[in-house]
Amino acid sequence: MPSTLFTNATLACFDAADGYGLRAQAALRVDEGRIAWLGAASDCEPAGGTEVVDCGGRLLTPGLVDCHTHLVYGGDRADEFEQRLEGASYAEIAAAGGGIRATVAATRRASEEELFAQARPRVQALLAEGVTTLEIKSGYGLDCETEIKMLRVAARLGDELGVRVQKTFLGAHALPPEFDGRADAYIDRVCDDMLPRAAAEGLVDAVDVFVESIAFSPAQAERVFDCAARLGLPIKAHAEQLSDLGGAALAAARGALSVDHLEYLSETDVALLAANGTVAVLLPGAFYVLRETRLPPLEALRAHGVPLALASDGNPGSSPLHSLLLILNLGCTLFRLTPAEALRGVTLNGAKALGLEDEIGSLEVGKQADLALWDVDRPAMLAYRVGINPCRAVMQGGAWRRRPETS
Ligand code: NIG
Ligand code: FE
């Protein structure tokens, strides 16, 4: 693999405890797919055979990480968007058999090929904005065959589009209709059959549970977490999105990588996230689409030093958004994150939410060379402006996904 030297760049390294870790007039060398050196542009001498990219002062960041998506599914839910505009709530639609269950029916009907074809443009939209790692959850199958079908499609998207995809099993996302009134029996099925089989096929990097009154109780979540522990898999939770059931505290106490949503997280439970190194993944897309008004407890999360990540939550119901740049803007405007917090949330802390912070997410020697070069000179530009994609070039593992045009 040829070496590449980025010179005359503004680096946002995310290599310190906070801020961007900015280095102006800097250079970064990539060897064998990894960051081999970075420092002042004046200190580097390109060796023979090295490709030199003059960045012209532009911003070079770690490739972006979208650590929470549900991008593999059949159909759409534009009809529910219309119903919500006429006054129905997300929870009411779910209780009437729509919502996640509507997507489950469409996903069960779709072939693996159809699911792949439908998901590909969603992933491509993220990649066009500098994403080099994304997570994709199952959870619209709710039977063994369809959950495994979704995870296979997720793996194939990674292989064919040349992006790192982390696969999360979310069998406990909603109760399938054939288990109506028998949630505990469904959890037995998840733990005795679905999760062990998906894991045995090498399709599970982490296990997630939706803890909510319209989904599963903390006690049911615990049983899934026990099963994950037996299989040696890390856990996550959708928690405190619509009410406070204590799901985030439960997951954090068991060492969860992340707990996600968190609008109803109580300030007392924030300390448990901090104590266990659990990342708080904020999802402003769902907050925006569902027109929520209750904000996650940002001040308490900051005061306790909980790592904050941001993600698209791309899904057909609560967040049909496929732009991580838009999410940066929503995180700042709706949740009042600083642009530095927001960008850290889609780089280093996004990586941490996936357990990958030693490998990706910052510009540091030894890390994988996942890089995005932007037609901006200041990082805040990425969160500030909406509707222009300034992504100029993307390198994934030291190989060009998109080369910079010379100008
Ligand atoms: O993260 N909260 C639960 N799950 C998804 C929504 C899934 C859907 O509505 O299809 C979320 O928002
Ligand atoms: Fe989600």
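What you see is a predicted model; the values in this text were computed from it and never measured. Ligands are counted one by one from 1 in listed order, and the atoms in each one are counted from 1 as well. Residue numbers start at 1 and run along the sequence shown. Heavy-atom basis, side chains included; hydrogens, waters and symmetry copies ignored.
- No side-chain donor-acceptor contact under 3.5 Å links Asp66 and Thr69.
- Annotation: cation-pi geometry satisfied between Arg156 and Phe116 (NZ/CZ under 6.0 angstrom from ring centroid, within 45° of ring axis).
- Under a cutoff of 6.0 Å and an axis angle of 45°, Arg122 and Tyr73 form a cation-pi pair.
- Listed by first and then second residue, the ring pair (Phe, Tyr, Trp, His ring centres under 6.0 Å) pairs involving residues 316-354 are Phe287-Phe335 (not counting sequence neighbours).
- Shown here are the side chain to side chain donor-acceptor pair (under 3.5 Å) partners of Trp400, two or more places apart in sequence or in another chain: Glu51.
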Test log, rule salt bridge (Lys or Arg N to Asp or Glu O under 4.0 Å), inputs Glu114 and Lys149: CA-CA 11 Å; Glu114 286 164 341; Lys149 177 172 73 175; over 6 Å; no
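- Taking a heavy-atom cut-off of under 4.0 Å, ligand 1 is surrounded by His68, His70, Arg77, Tyr90, Ile100, Tyr140, His173, Phe210, His238, Gln241, His261, Asp313, Asn315, Gly317, Ser318.
- Geometric assessment of Arg182 against the ring of Phe179 yields a positive cation-pi assignment under the 6.0 Å and 45° thresholds.
- Taking the charged nitrogens against the carboxylate oxygens, Lys367 and Glu364 do have a contact shorter than 4.0 Å, which makes a salt bridge.
- Ring geometry for His173 against His238 counts as tilted: the plane angle lies between 30° and 60°, on a 0 to 90° scale.
- The distance cut-off of 2.8 Å around the Fe ion (ligand 2) captures these protein N, O or S atoms, sorted by chain and number: His68 NE2, His70 NE2, His238 NE2, Asp313 OD1.
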